[in-house]
J.: 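One structure is given below, represented as C-alpha cells, and several questions about it will come after.
Values in this document were obtained by computation on a predicted structure and should not be read as measured data. These numbers come from the heavy atoms of this one structure, side chains and all, not from hydrogens, waters or symmetry mates.
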Amino acid sequence: MIKEKNNTALTFEDFKTEVLNDYTVAITSRECSLLGRKEVLTGKAKFGIFSDGKELPQITMAKFFKNGDFRSGYYRDQTFMMAIGELTPEQLFAGLYGNTDINEEPMSAGRQMGGHFVTHSLNEDGSWKNLVQQKNSSSDISPTAAQMPRLLGLAQASKIYRHITNIPNQENFSNQGNEIAWGTIGNASTSEGLFFETINAAGVLQVPMVISIWDDEYGISVHAKHQTTKEDISEILKGFQIESGTNGLELIKVKGWDYSDLVTAYEKAETIAREKHIPVVIHVEQLTQPQGHSSSGSHERYKSKQRLDWEKEYDCIRQMRLWMIAINIASPDELDAIDAKAKKEVLEAKKKAWTTFITPIIKEQKEIVALLEKIAAASINPKVVLAHAKKLQGIKEPLKKEILVAARKSLRLFAPSTEKSELIAWIKAFTKKYQIAFNSKLYSESAQNVLSAKEVAPEYDEENTLDSDGRMIIRDNFDAIFAKYPEALIFGEDSGKIGDVNQGLEGLQEKFGEMRVADTGIREATIIGQGIGMALRGLRPIAEIQYLDYMLYAIQILSDDLASLQYRTFGKQKAPLIIRTRGHRLEGIWHSGSPMGMIINAVRGIHVLVPRDMTKAAGFYNSLMECDEPAIVIECLNGYRLKEKTPTNYGEFKTPIGVVETIKEGTDITLVSYGSTLRLVMEAAKELEEIGIGCEVIDIQSLIPFDVHHDIVKSIMKTNRLLIIDEDVPGGASAYILQQIIEDQNAYQYLDSKPQTLSAKAHRPAYGTDGDYFSKPSIEDIYEKAYALMHEANPTKYPSIY
C-alpha cells in the first residue's frame, strides 16, 4: 500500500500520459460496474457480474496484448476489453439489457448475459477476417474453468504456425507463430479439474500461453481455505515450474493493487511466452470484489468487518490513485476531475443504451395497441380485447413477450374475418422477426455449411478385385487428406506412433511428422479443447477420442463451448473441429456404450455422423474438410478388420451429410438403423425375405442433421410400417429418430401399425459375446420384432411364433 509520496518507481516523464489513460479506463470500468449493478436492482437488467476490483491487472495485461493474440477468459474481464478498445460503456449496457441487435450488442446480440465477451472473427458471409490485424477474444462461457481447454488449443495454434509454413492463407491467422493465448480465471475456479488438465497439457506441449489467476480469496461465499490446499494456488503449481532440462511452466506472483509490479510481471510473462513458447502462470493476489460476487447477493453476509475494511483500503483503484499522487503524476483535484468526467460519460452511455434498446419495443407496443383498439369491435368479446390493449398500454417499459402475449390472447376472440387476418399478419411478422433474433445461427448459414457437400461416389478399379481391411481404407484416405490439406492435423491417445489403436493412422506420423499426427495424454476434455482453439485460428484439426464411451469426459466442453459457439456469437466465430471416435457393438461395460441419445441431445450445434463402414466414414471426412462446421464421426469399432471394396479416388469421394441411404428395397416394412447394427438388420431382413416379408432397410448415416430430404417417410408411404433398431438405451436415440419421422416428417398418417422401436437394455452389456447378445438387439430380436408387426397385420399368413 502507498502511504508516502517518496515512491518513484515510475518517472513522471516516461509514464504520465500512459498512467493517466490507464486510470481513466479503470475508473470508467468501475463506474460501469457500479451503475450496472443499480440497473439490475431497478429491474431493467436481469443479472450482473462485473470486473470491479480487478481493473488494474486487466489494464496491465492489455498493455502486452498484441494484434493477432487471443484471449480465452473469465466473465469479469470487462476492463481488459475496454483497454484493448473492443468494448465501450454503451455496448456493456446494451449487453446488460439483452439488446438483440448485433450492431448495438456485438458480444452476443443479447444471447448471453453481460460479462461475456467476444471479438468478430468472421465477415458477413462467414469467411475469415484477417485475425493478425486485430486483437482477438474467443467467446466467453459461464461454466467455471471451461475456458481453459480452448485456451490450450489457441496457444498450440501458434506452435503449429511457427513450425509448419505451407498452410494456405497463413498470413491471415499468424505472424510466424508469435501470438500469445492469454487466459484468465478466478482463483476459486482453479479447483476444477479442467484447470489442472490444461496446466499439465500446456507444460507438456510447451505452448505460448499466459494464464492470469484473479485471486480475491473467495468463490462466491466460500473462502480459499475450503477451495485450495495451502490457500495458495501458486504454491500448488510449483511442481509444474520449469527447471533446467525439463519442460513445464513459469510462475509469477504479484499483488493486484501494485501498478509498478504488475507492469514488470506482465512484461516478463510476455517475453517468456512470446519468444520461448513457454507457458506462464501469473498469480495475481490481494484483489478485492467491492460489490461482491454478482448482483444476486451481498458479500457483507459472508465477509468479516476486518476483511471488508481491508478491501476498502486495498482497492486497486484507490492504491493506484495514492501512488499517482505520491509520485506527482496528478493531484487529487485532477483525479477528481477524471472521476467526475467518467461518471458523467458512463451515465450518458447507460441512458443512450437504454433508449436504443427500449425505443423500438415501445414503437411495437404502440402499434399493436392501436391495432387491437381498431379491430376490437369485430371480435366476439370487444371488452376483453380492449382490456388486453389497455393492460399492455399501461406497461411503461414492456418486454417483447408482453407485447406478443397481448396479441395472441386477443387472437382467440376473433372469428374468421378481415380483422382477424390483419392481426394474424402482425403476429406472424413480429414472431418471425424475433425468432430470428433468438433462434437462428445454431448451425452455419454460410455457403460452406454441411449441406453444401455434394455426394461424390467412390470409384473402383474393376480389374482389381482385391478388397481391403476397413482400417486400410480409412488410413489411405487420411493420407490423402493430409497431403491435400496442409492445415489438417490429427491428435489423440495412441494416434501418433502406433497409428491409433486400430491402425487407422498407421505410418502417417512418420510421413507427416509429429506436429500433424500426434500422441496426447489421457485427457479427453483438453483434447477437445486443443481442437476448438486451433479451429478458431484457421487450422483444420481432427481430435480423436479413443472410444465413444470416453466422450463423457469431454461432453461438457462439447456441449457448453463447441456446440453453442456459432449460436452464442450470432455467427461471428466458428470452430470447424472434426471429432473422430469409434464405438458400437464392443463387448463389455466400459467400452460398449452407445450413449447416442445423451450425445445428440447435449451437442445440438455439432453434427453427429454414424457411418456403417469405413468407406462411408472416409467420405464423411472428405465432405467435412470442405465445410465450416464441427462434427463428430463415430466409426464402427468392429469394422476395421472387415473387408470392403478398395476405392481409387481417396480424398475425393464424399458421403453426403443429412442424407439417408436405402440399402435394401422392400414393400412390407421399413427398418431404420445406423452403424454396426445395420449388418444385423440386413441379415434379419434376408431371413425375413425367405418367408415372404419384404423389408426396406434404410441407413440413417447422419443423426444430426437428420434425413433432410424426408426419404424415410417416402418409404413408409410404400410399406405402411416402421421399426427403428438402435443399440442405445430405451428412449435414447430411438426416441429422437421416432420423433423426427413421426412429427417432423408426418409419417403417422401413412402407418397401418403402431411404429415400433427395438433398443438395447437399459444397462450396458456384460463382458463377452453372450453379454452383447443378451443386452443389445440381435438378429433374432430384429427378426421376431418385424415378424410380430406382420403377424398383427395378417395373423393367418404370419401365425405367432410364440
J.: With side-chain hydrogen bond (donor to acceptor under 3.5 Å, both in side chains) as the test, pick out the partner of Asp707 among Lys714, Gln745, Gln740.
T.: Gln745
J.: Sequence neighbours excluded, which residues qualify as side chain to side chain contact (heavy atoms under 4.5 Å, CB included) partners of Ser446?
T.: Ser444, Gln448, Asp628
J.: Are any side-chain N or O atoms of Glu626 and backbone N or O atoms of Asn622, one a donor and one an acceptor, separated by less than 3.5 Å?
T.: no
J.: Assess whether atom CD of Glu445 is packed by more than 12 heavy atoms of other residues, nucleotides or ligands within 6.0 Å.
T.: yes
J.: Given side chains that start at C-beta, do those of Ile545 and Ile528 come closer than 4.5 Å, heavy atoms only?
T.: yes
J.: In Å, rounded to the nearest 0.5 Å, how long is the span from CG of Leu722 to CG of Leu738?
T.: 6.5 Å
J.: I want to check something: taking the side chain as every heavy atom from C-beta on, are Glu544 and Leu505 in contact at a cut-off of under 4.5 Å?
T.: yes
J.: Are a donor atom and an acceptor atom from the side chains of Ser139 and Thr569 found within less than 3.5 Å of each other?
T.: no
J.: For the residue pair Ile557 and Ile532, establish whether any side-chain heavy-atom pair is separated by less than 4.5 Å.
T.: yes
J.: Just wondering, do Val501 and Arg582 contact through their side chains at under 4.5 Å, heavy atoms?
T.: yes
J.: With sequence neighbours left out, what residues match Phe570 under ring-ring contact (aromatic ring centres under 6.0 Å, His included)?
T.: none
J.: If we ignore angles and hydrogens, is there a donor and acceptor under 3.5 Å between the side chains of Asn103 and Asp101?
T.: yes
J.: Are Lys441 and Tyr567 in a cation-pi contact, defined as NZ or CZ under 6.0 Å from the six-membered ring centre and within 45° of the axis?
T.: no
J.: Using the test side chain to side chain donor-acceptor pair (under 3.5 Å), find all partners of Ser189 that sit at least two apart in sequence or belong to another chain.
T.: none
J.: Using distance alone, with no hydrogens and no angle criterion, decide if Thr144 and Glu192 have a side-chain donor and acceptor under 3.5 Å apart.
T.: yes
J.: Nearest 0.5 angstrom please: Arg540 CZ to Leu489 CG, how far?
T.: 10.5 Å
J.: Scan residues 111-158 for pairs that pass ring-ring contact (aromatic ring centres under 6.0 Å, His included), counting only residues two or more places apart or in two chains.
T.: Tyr75-His116, Trp128-Phe173
J.: Could you pull out all residues at least two apart from Tyr553 that satisfy ring-ring contact (aromatic ring centres under 6.0 Å, His included)?
T.: none
J.: Could you grab the distance from atom CD1 of Ile724 to atom OH of Tyr674, nearest 0.5 Å is fine?
T.: 10.5 Å
J.: Within the side chain of Asn99, is there an N or O that forms a donor-acceptor pair under 3.5 Å with the backbone of Glu104?
T.: no
J.: Applying ring-ring contact (aromatic ring centres under 6.0 Å, His included), can you list everything that pairs with Tyr550, at least two apart in sequence or on another chain?
T.: Tyr547, His591
J.: Are Leu577 and Leu562 packed together at the side-chain level, in the sense that at least one heavy-atom pair is separated by less than 4.5 angstrom?
T.: yes
J.: Between Asp561 and Arg568, is the closest basic N to carboxylate O distance under 4.0 Å?
T.: yes
J.: Which residues satisfy the side chain to side chain contact (heavy atoms under 4.5 Å, CB included) test with Ser623, sequence neighbours excluded?
T.: Ala453, Lys654, Ile657
J.: What residues form a side chain to side chain contact (heavy atoms under 4.5 Å, CB included) with Thr662, not counting sequence neighbours?
T.: Glu665, Glu696, Ile698
J.: Is it true that a side-chain atom of Arg475 and a backbone atom of Gln503 form a donor plus acceptor pair closer than 3.5 Å?
T.: no
J.: For the side chain of Glu459 and the backbone of Thr648, is there at least one donor-acceptor N/O pair under 3.5 Å apart?
T.: no
J.: Which residues pass the side chain to side chain donor-acceptor pair (under 3.5 Å) test with Asn649, not counting sequence neighbours?
T.: none
J.: Indicate yes or no: does Asp500 engage Arg471 in a salt bridge with an N to O separation below 4.0 Å.
T.: no
J.: Under the side chain to side chain donor-acceptor pair (under 3.5 Å) test, which residues partner Lys511, sequence neighbours left out?
T.: Asp479
J.: Do any pairs count as a salt bridge (Lys or Arg N to Asp or Glu O under 4.0 Å) and have a residue in residues 591-613, sequence neighbours left out, and if so which ones?
T.: Arg612-Glu661, Arg612-Asp699
J.: When Glu179 is tested against each of Arg162, Arg537, Lys66 for salt bridge (charged side-chain N to carboxylate O under 4.0 Å, His left out), which residue passes?
T.: Arg537
J.: Taking the side chain from Ser702 and the backbone from Val659, do they hold a donor-acceptor pair closer than 3.5 Å?
T.: no
J.: Is there a side-chain contact between Glu635 and Tyr621 in this structure, where contact means two heavy atoms from C-beta onward sitting under 4.5 Å apart?
T.: yes
J.: For the backbone of Phe80 and the side chain of Asp77, can you confirm whether one donor and one acceptor N or O come within less than 3.5 Å of each other?
T.: no
J.: Taking side chain to side chain donor-acceptor pair (under 3.5 Å) as the test, write out the residues that go with Asn67, two or more places apart.
T.: Lys135
J.: Answer yes or no: is there a side-chain heavy-atom contact under 4.5 Å between Ile632 and Ile599?
T.: yes
J.: If you count every heavy atom of other residues, nucleotides or ligands that lies below 6.0 Å from Glu171 atom CD, does the total exceed 12?
T.: yes
